[in-house]
Number of protein chains: 2
Amino acid sequence: MVWKTISKKLDENEYRLTPQREVILQVMIDNRGKHLSADEVYIEARGKSSNIGIATVYRTLEKLASIDVLYKTIFEGGKYRYELSLGESHQHHHIICLQCGHISEVEEDLLHNLEIHLEKQGYKILDHELKFYGYCPQCNPKN
Amino acid sequence: MVWKTISKKLDENEYRLTPQREVILQVMIDNRGKHLSADEVYIEARGKSSNIGIATVYRTLEKLASIDVLYKTIFEGGKYRYELSLGESHQHHHIICLQCGHISEVEEDLLHNLEIHLEKQGYKILDHELKFYGYCPQCNPKN
DNA sequence: ATGTAATTGATAATGATTATCAAAATCAGG
DNA sequence: CCTGATTTTGATAATCATTATCAATTACAT
Ligand SMILES: [Mn+2]
Ligand SMILES: [Mn+2]
Ligand SMILES: [Zn+2]
Ligand SMILES: [Zn+2]
């Protein structure tokens, strides 16, 4: 199912599924829910295929993000991270634990009001990105 | 008024107001509402004082952000930007125009609901950061 | 004044990402 | 199946922002 959806996206964008790209995609699929940096993907991809260059990893991640197969975002620390993004066009938020660094997700989209408000002011909102910082349930001193 | 508030913050944190730091702060005050990168601050600071090192600019911005005189945030493109942040402890959002790159601000804080929701799940939310991407009123094709 | 600690600035080092370019793989037509 | 054109790859160099280093300057406390 996942692969079928991805293949379709690749076809639509005339993007060939080379062995290297397949390995990289498999890494992303194996890590659904996680947020991987380019070098983390590189390490895992080497484990599977052993002769894959870091440049190819960067190129592939970039390309896959541009056709919305991956979602690319930058976190504090200034490095980009990627995750599989199938279909979810728009709302996707993060809670970053200031203690353990764990990144969890918020699916709720309660930002609609705010967007409406801004559009009334003349803006056209296409996307948004929201990050919460605090403590996860494990690290919350209150728990 | 602004300077008084800042001086107090510096005192509280035993942070000396050297000539260089004063120049950097003046640059930030002169640019209220804008979001400056370290090298932009550096350029402007040189204009005022001429013998100030880039290292000092980085150090000073970092320190001032850590004591909440400045607000530091990273935008797409992976570089940090700073702006004066007096008192506003928590909510401060951005609208980034995908056409002209202009960054404007949203003061509204309609995220309270979402925070409450997360705290019920065990999280402790300390801060959040929200970025909207779209077109500003000038660039909105509809206007 | 004087010794100690903090600050500065030039510059080297780092880390992530991007650019370059020749070699390898893939493709389309014959 | 060949074959020349195009795409992709991987090693490596280049870039860019930020951080670390360290000797020299400055400020502070006695
Ligand atoms: Mn996510
Ligand atoms: Mn702002
Ligand atoms: Zn945690
Ligand atoms: Zn605009």
Side-chain angles (χ1 to χ4, degrees), chain A residues 6-7 10-28 35-67 69-83 101, chain B residues 6-7 10-28 35-67 69-83 101:
Chain A
I6 294 176
S7 304
L10 299 183
D11 281 351
E12 286 168 9
N13 292 276
E14 301 172 352
Y15 190 57
R16 297 183 194 155
L17 190 55
T18 65
Q20 290 90 336
R21 290 170 184 173
E22 193 167 344
V23 167
I24 291 169
L25 270 166
Q26 192 58 59
V27 169
M28 297 313 294
H35 304 79
L36 304 182
S37 62
D39 58 294
E40 285 166 352
V41 174
Y42 177 61
I43 304 281
E44 280 215 37
R46 298 286 298 206
K48 288 185 202 293
S49 155
S50 84
N51 58 330
I52 201 172
I54 183 73
T56 300
V57 171
Y58 272 103
R59 273 188 298 242
T60 303
L61 292 175
E62 193 56 36
K63 183 70 184 183
L64 292 174
S66 83
I67 62 174
V69 169
L70 301 181
Y71 178 66
K72 174 188 185 183
T73 187
I74 193 167
F75 288 98
E76 210 63 22
K79 66 197 288 195
Y80 291 99
R81 294 186 167 272
Y82 301 81
E83 66 188 301
Chain B
I6 294 177
S7 304
L10 298 183
D11 281 351
E12 285 168 9
N13 291 278
E14 300 173 353
Y15 190 58
R16 297 184 193 155
L17 190 54
T18 66
Q20 291 89 336
R21 289 170 184 173
E22 193 167 345
V23 167
I24 292 169
L25 270 166
Q26 192 58 58
V27 169
M28 298 312 294
H35 305 80
L36 304 182
S37 63
D39 59 293
E40 286 166 352
V41 174
Y42 177 61
I43 304 281
E44 279 215 37
R46 299 285 300 204
K48 289 184 201 293
S49 156
S50 84
N51 58 330
I52 200 171
I54 183 72
T56 300
V57 171
Y58 272 102
R59 274 189 297 244
T60 303
L61 292 175
E62 193 55 37
K63 183 70 184 181
L64 292 175
S66 84
I67 62 175
V69 169
L70 300 181
Y71 179 66
K72 174 188 185 183
T73 185
I74 193 167
F75 289 99
E76 211 61 24
K79 65 198 289 195
Y80 290 100
R81 294 186 167 272
Y82 301 81
E83 65 188 301

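Chain A is the first sequence line, chain B the second, and so forth, proteins listed ahead of strands; every chain is numbered from 1. Values below: every heavy atom of this structure, side chains too, minus hydrogens, waters and symmetry copies. Source: prediction; values computed, not measured.
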Shorter than 3.5 Å, N or O on both sides, protein versus nucleotides 25-30 of chain D: list them out with atom names.
none

- Task: With DNA chain C as reference, determine whether S37(A) or T60(B) sits nearer its 5' end, using the nearest nucleotide of each.
- Result: T60(B)
Once you round to the nearest 0.5 Å, how far does [atom1] of [X] lie from [atom2] of [Y]?
| X | Y | atom1 | atom2 | result |
| --- | --- | --- | --- | --- |
| L25(A) | L61(A) | CG | CG | 9.0 Å |
| L36(B) | L70(B) | CG | CG | 9.5 Å |
| T60(A) | Y42(A) | OG1 | OH | 13.0 Å |
| I54(A) | R59(A) | CD1 | CZ | 10.5 Å |

- Query: Within a reach of under 6.0 Å around NZ of K72(A), are more than 12 heavy atoms found that belong to other residues, nucleotides or ligands?
  - Reply: yes
Would you kindly give the [atom1]-to-[atom2] distance between [X] and [N], to the nearest whole Å?
| X | N | atom1 | atom2 | value |
| --- | --- | --- | --- | --- |
| E22(A) | dT8(D) | CD | C1' | 15 Å |
| Y80(B) | dT19(D) | OH | P | 7 Å |
| F75(A) | dG15(C) | CZ | C1' | 19 Å |
| E14(B) | dT7(C) | CD | C1' | 16 Å |
| K72(A) | dA16(C) | NZ | C1' | 11 Å |
| Y15(B) | dA5(C) | OH | C1' | 16 Å |
| K79(A) | dT17(C) | NZ | C1' | 11 Å |
| L61(A) | dT18(C) | CG | C1' | 14 Å |

Protein-nucleic acid N or O pairs under 3.5 Å, nucleotides 10-15 of chain D:
from    : atom 1 : to     : atom 2 : distance (Å)
dG10(D) : OP1    : Q20(A) : NE2    : 3.2
dG10(D) : OP1    : N51(A) : O      : 2.6
dG10(D) : OP2    : G53(A) : N      : 3.1
dG10(D) : OP2    : T56(A) : OG1    : 2.8
dG10(D) : N7     : R59(A) : NH2    : 2.6
dG10(D) : O6     : R59(A) : NH1    : 3.2

- Task: Please name the residue in the list R46(B), K79(B), R81(B) that meets the salt bridge (charged side-chain N to carboxylate O under 4.0 Å, His left out) test with E40(B).
- Result: R81(B)
- Where the side chain of Y82(A) meets the backbone of T73(A), is there a donor-acceptor pair that is under 3.5 Å apart? no
- Check whether any side-chain nitrogen or oxygen of Y58(A) sits under 4.0 Å from OP1 or OP2 of dT17(C), and answer yes or no. yes
- Is there a side-chain contact (heavy atoms from CB on, under 4.5 Å) between E12(B) and I67(B) once you walk through the steps? CA-CA 9 Å; E12(B) 285 168 9; I67(B) 62 175; over 6 Å; no
- Query: Among V27(A), V23(A), I24(A), which one satisfies side-chain contact (heavy atoms from CB on, under 4.5 Å) with V57(A)?
  - Reply: I24(A)
- Message: Side chain of R21(A), heavy atoms from C-beta onward: which of dT18(D), dT18(C), dT9(D) has the nearest atom to it?
- Response: dT9(D)
